[in-house]
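Shown next, in structure tokens, is the structure this report addresses.
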Amino acid sequence: MAARREKADAMRKQGGEPFPHSFEGVEAIAEVLSAHDGLADGEETESKHRVAGRLAARRGQGGAAFLDLYDRSGRIQLLAQTDHLGEEAFEAVRDLDLGDLIGVDGTAIRTKRGQLSLKLDAVTLLAKSLRPPPDKHHGLKDIETRYRRRELDLIASEDARDLFVTRAKVITAIRGFLDRDGFIEVETPVLQPLYGGAAARPFTTHHNALDRNFFLRIATELYLKRLIVGGLERVYELGKDFRNEGISPKHNPEFTMLEWYEAYSDYMVIASRLEDLVRHVAKEIEYEGEIDFESPWQRESLRDSILSRCGVDILAHRDRDSLAKEMEAKGLEVPKTDTWPQLVDELLTKHVEPELIQPTILFDYPVELSPFAKDHRSEPGLVERFEAYAAGMEISNAFSELNDPDEQRRRFESQRADAAAGDEEAQPFDEAYLRALEQGMPPTGGIGIGIDRLVMLLTGSKTIREVVLFPAMRDES
RNA sequence: GGGCCGUUAGCUCAAUUGGCAGAGCAGGGGACUCUUAAUCCCAAGGUUGUAGGUUCGAUUCCUACACGGCCCA
């Protein structure tokens, strides 16, 4: 590092600038490569190109040196010859360090060994790299460093760069799909006077001028449905939610969520659109993994999904003790939990979710688990809700939205009782939301999709930290 | 929260039973005008995560802590 600093200082003393302002007229390296695809070995052209990027490798230092330069699009070999460049410029090339950002002007040739290269006419240092790059062929393997210093990971790993490009394509494809279907993208408050729309503990923060606390949103659901009341009919929001909970391979405290709501539809319409959306996205990113998004997704009721795997009929045992007894009878471990929904969640999470590798929609949930879903049109005690799973992971949660304000009020009251009994994830009572429902909300279907998990699924990533650029970490020691 | 594993040079990794802490790459000096994990020669690079303990002697054994990973709750 000291040597690199000295080179930068020496350059300044000689009137040079190790950090110039710009370098205009750059071509993507991939374009240069494809423009000379057919060039024969040993053949030279008159074709001039200007490219810029980071220096990755260097070979030879006599009268000729080969350098590898890469940008976002690709990697190209540079040939520096003292005869052609002149002594001074060649010395400048010798002074470059791996990791330096440079701009070059060169002439396209193919070497005798068949490598398309730019024969250098001029080289400009665009930014001196004062710190050494990771190992040029082992890359950066330390997981902790890859997450804490993602820029190093991106410098060292084309796979890492590709993954985040894919993530961007996923998001672009989602927007394209929903926009074409007549949805409008909206932005609702991140700072909310009252949080809601999911079972989670919030972050709190303080607004000085108003002298009051705000919550960082845990979901966009309730505001988006107020827009449905307002007549926007088809809305979506793609943005960050925040949940003040543990960190795990599937959980980051801030994460990206897509929610959409459409008037005059229900959860089955939503299920079809979800399949179409994911199929569209997989196609756009040219997905070639193990998951089959093309065929119709498997569909099972929640009750059947548990019954077939555990032999326990949750609907035949609608209270905590009865279900616990039945689980025991089937030889299943019964956690020390207080409520029936927690036992159902245990069965689902432990015994069903890990089995759902190919995309599967589980539908018709107990009302106790779903304070914003509409009662089932034919099954008492159930609501019209589904969750979509793939690769053993929940990726989506949707319902026919509860639009009866009086029923919604009863659900909030029941949540209030749960909260009083110590449930920290119970929904707070939201009078502003009820007032909106009293204005009249059309029958509506809505959904939330975890974008980080969808990207995990589409890129075969095992942890959310692989698909979030800067995952949450403890302070370094 | 519990259990197990890891933490050694800028990066990737070694180090026998507790006995002088090593290599490759990167960086420094030198040779080399078709190399592509370039090659060759020379020199340098370390508070072994932190704090204690045991010992004549600790990267190695013990304890605590920090960070990370995996599993469990």
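Quick caveat: nothing in here was measured; it's all calculated off a predicted structure.
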Checking contacts here: which listed nucleotide (rA73(B), rC11(B), rA37(B)) is nearest the side-chain heavy atoms of Pro134(A)? rC11(B)
Charged N to carboxylate O under 4.0 angstrom, Glu368(A) versus Arg318(A)? yes
Please report the distance separating the P of rG6(B) from the corresponding atom of rU63(B), rounded so that it comes out in whole Å. 14 Å
Look at Arg58(A) and rG27(B) and indicate whether a side-chain polar atom (N or O) is within less than 4.0 Å of OP1 or OP2. yes
What's Lys462(A) touching, base or sugar-phosphate or nothing? Going by heavy atoms closer than 4.0 Å. nothing
Do any side-chain nitrogens or oxygens of Arg474(A) fall under 4.0 Å of OP1 or OP2 in rG68(B)? yes
Can you figure out which of rU36(B), rA38(B), rG69(B) approaches the side chain of Gln115(A) most closely? rU36(B)
Taking the C1' atom of each, how far is rU17(B) from rA37(B), in whole Å? 38 Å
The nucleotide from rU36(B), rC34(B), rC32(B) with an atom nearest the side chain of Leu79(A) is rC34(B)
Euclidean distance, atom OH of residue Tyr70(A) to atom C1' of rU36(B) [Å, nearest integer]: 17 Å
Taking atom P in both rA58(B) and rA21(B), what distance in whole Å separates the two? 11 Å
Does rG10(B) have OP1 or OP2 under 4.0 Å away from a side-chain N or O of Arg4(A)? no
Pro132(A) side-chain proximity, nearest of rG10(B), rG28(B), rC34(B): rG10(B)
Which nucleotide in rA73(B), rG69(B), rU12(B) has an atom nearest any side-chain atom of His138(A): rU12(B)
May I ask you to decide whether Lys462(A) forms a salt bridge with Glu466(A), counting only side-chain N to carboxylate O separations under 4.0 Å? no
What nucleotide among rC34(B), rA38(B), rG27(B) has an atom nearest to a side-chain atom of Ala57(A)? rA38(B)
Residues which pass salt bridge (Lys or Arg N to Asp or Glu O under 4.0 Å) with Arg299(A), listed by chain and number, not counting sequence neighbours: Glu275(A)
Of the options rA38(B), rG69(B), rU12(B), whose atoms approach the side-chain atoms of Tyr147(A) most closely? rG69(B)
Provide the distance between the two P atoms, one in rG18(B) and one in rA44(B), to the nearest whole Å. 31 Å
For the side chain of Lys141(A), counting heavy atoms from C-beta on, which of rG68(B), rA38(B), rU12(B) is nearest? rU12(B)
In whole angstroms, how far is the P atom of rC67(B) from the CD1 atom of Ile143(A)? 17 Å
May I ask you to say what Arg75(A) touches in the nucleic acid, namely base, sugar-phosphate or nothing, with a heavy-atom cut-off under 4.0 Å? nothing
Determine whether a donor-acceptor pair (one donor, one acceptor, N or O, separation below 3.5 Å) exists between the side chain of Asp135(A) and the base of rG24(B). yes
List the atom pairs, donor and acceptor, that lie under 3.5 Å between side-chain atoms in residues 357-367 of chain A and the rest of the protein, sequence neighbours left out.
{"from": "Gln358(A)", "atom 1": "OE1", "to": "Asp292(A)", "atom 2": "N", "distance (Å)": "2.7"}
{"from": "Gln358(A)", "atom 1": "NE2", "to": "Glu290(A)", "atom 2": "O", "distance (Å)": "3.2"}
{"from": "Thr360(A)", "atom 1": "OG1", "to": "Gln358(A)", "atom 2": "O", "distance (Å)": "2.8"}
{"from": "Asp364(A)", "atom 1": "OD1", "to": "Tyr267(A)", "atom 2": "OH", "distance (Å)": "2.6"}
{"from": "Asp364(A)", "atom 1": "OD1", "to": "His376(A)", "atom 2": "NE2", "distance (Å)": "3.3"}
{"from": "Asp364(A)", "atom 1": "OD2", "to": "His376(A)", "atom 2": "NE2", "distance (Å)": "3.0"}
{"from": "Tyr365(A)", "atom 1": "OH", "to": "Glu387(A)", "atom 2": "OE1", "distance (Å)": "2.8"}

With a 4.0 Å cut-off on heavy atoms, is Lys119(A) in touch with a base, just the backbone sugar-phosphate, or nothing at all? nothing
Nucleotide nearest Lys136(A) (side chain, heavy atoms from C-beta), chosen from rC34(B), rG68(B), rC25(B): rC25(B)
side-chain contact (heavy atoms from CB on, under 4.5 Å) between Leu120(A) and Phe90(A), worked out: CA-CA 10 Å; Leu120(A) 292 181; Phe90(A) 190 76; over 6 Å; no
Which part of the nucleic acid, if any, lies within reach of Asp142(A) when heavy atoms closer than 4.0 Å are counted: base, sugar-phosphate only, or nothing? sugar-phosphate
Between Arg309(A) and Glu300(A), is there a side-chain N and carboxylate O pair less than 4.0 Å apart? yes
Listed nucleotide nearest any side-chain atom of Ala3(A), set rG69(B), rG28(B), rA38(B): rG28(B)
